[in-house]
Amino acid sequence: MAALAVLIGLDLAATWLYGWSHRPETPVGSPVALLASAREPGATKTAVYEAVFVLCAGTGNVRGLDQTSVDRLRYAAAGYASGRWLRTVGIGGHWRHNRAAGWSDVMSYWLRDAGVPAAAVFADAHSYDTGTNLDAIADLVQTHGWRSVVVLSSPLHLIRVRARLREHAGLRGLMRASNREQQLRIDTLAYLAPGQRSFAWRWRETHHEWAARLLAFLLTDEQYGDVMRWRRL
């Protein structure tokens with residue numbers, strides 16, 4: 001019993017330390033605050049980024065998405081309204097039950113529902129995990145010629161995203177283009193949705209990230225991709 005208590009204590013301490021050390025890179029905002037800033041003079045005349053890529057957190061019973069994904073999309077819509085980016089892009093959400101329900105455009109649906117004009121809404125049509133998310137981002141960047149974009153997800157997930165960005169051949173090539181005008185600037189924006197701020201949620205996501213890293217270490221890229229396809233497609 002004592003040994004079990006020690007293991008539980010170590011696990012909780014490691015979860016707290018890991019979560020604390022990877023706090024949001026920017027202050028956690030709210031859609032209300034971002035929309036209010038749009039009323040400031042000149043707030044919508046310029047944008048920091050050509051596009052924001054919103055990564056799906058998971059699927060669920062909120063018209064095909066979990067609440068965290070919906071909150072991220074609404075946050076991105078508010079950022080569009082305040083002039084932080086010119087376009088909003090939903091990435092992911094193409095899991096088995098969404099396709100079966102005919103909700104292949106579920107990410108773009110929520111962006112339009114939040115008030116983003118259809119002309120400023122984009123989405124990929126096939127990605128289902130972090131690796132294919134980045135493949136989709138590379139395809140969209142190359143297709144549309146965007147040169148300044150930001151990827152939005154949770155602080156813990158972005159650790160893995162940044163590591164994969166450095167390894168992604170297509171995106172790495174764009175970021176290191178010899179012509180500075182053709183170089184891609186790709187930043188990350190950590191956002192904590194309201195439901196992500198509890199210790200219970202942080203414990204779950206921390207262990208999810210640890211499991212993902214362990215699988216990636218033990219399996220080849222092809223094997224890891226097969227596992228993700230089996231779980232989600």
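Owing to the predicted nature of the structure, the values given are computational and were not obtained by experimental measurement.
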Problem - R185 side chain reached by R147 side chain, heavy atoms, under 4.5 Å - result: no
Problem - Nearest-0.5 Å distance, CD of residue Q67 to CZ of residue R74 - result: 6.0 Å
Exercise for the section: Side-chain contact test, heavy atoms from C-beta onward, threshold under 4.5 Å: evaluate it for V149 versus R87 and give yes or no. Expected result: no
Exercise for the section: Taking R72 for its side chain and L55 for its backbone only, find out whether a donor-acceptor pair lies under 3.5 Å. Expected result: yes
Handout entry: Side-chain donor/acceptor of S69 to backbone N/O of A57, under 3.5 Å
Key = yes
Indicate every side-chain donor-acceptor pair of residues 134-145 with a distance under 3.5 Å to a residue at least two apart or in another chain.
| unit_1 | atom_1 | unit_2 | atom_2 | d |
| --- | --- | --- | --- | --- |
| D135 | OD1 | H168 | NE2 | 2.7 |
| T143 | OG1 | D139 | O | 2.7 |

Completion exercise
Of all heavy-atom pairs linking C56 and L65, the shortest is SG-CD2, 3.9 Å
Problem - With T88 via side chain to side chain donor-acceptor pair (under 3.5 Å) - residues at least two apart - result: none
Handout entry: Contacts of S127 that satisfy side chain to side chain donor-acceptor pair (under 3.5 Å) - sequence neighbours left out
Key = D124, N133
Practice task
Identify, with sequence neighbours excluded, every residue that meets side-chain contact (heavy atoms from CB on, under 4.5 Å) alongside R176.
Solution key: R172
Fill in the blank from the handout: dist W85:CH2 -> L152:CG (nearest 0.5 Å) comes out at 6.0 Å
Exercise for the section: Scan side-chain atoms only and decide if D71 and T68 contain a donor-acceptor pair under the 3.5 Å cut-off. Expected result: no
Fill in the blank from the handout: So CZ of F53 and OG1 of T188: to nearest 0.5 Å the spacing works out to 13.5 Å
Exercise for the section: Kindly compute the distance separating NE2 (H126) from CD1 (I91), expressed to the nearest 0.5 Å. Expected result: 8.0 Å
Practice task
First locate atom CZ of F122, then atom CH2 of W146, and finally report the distance between them rounded to the nearest 0.5 Å.
Solution key: 4.5 Å
Fill in the blank from the handout: Between the CG atom in L73 and the OH atom in Y109, the distance rounded to the nearest 0.5 Å is 12.0 Å
Handout entry: Side chain proximity check, P155 to L192, heavy atoms < 4.5 angstrom
Key = yes
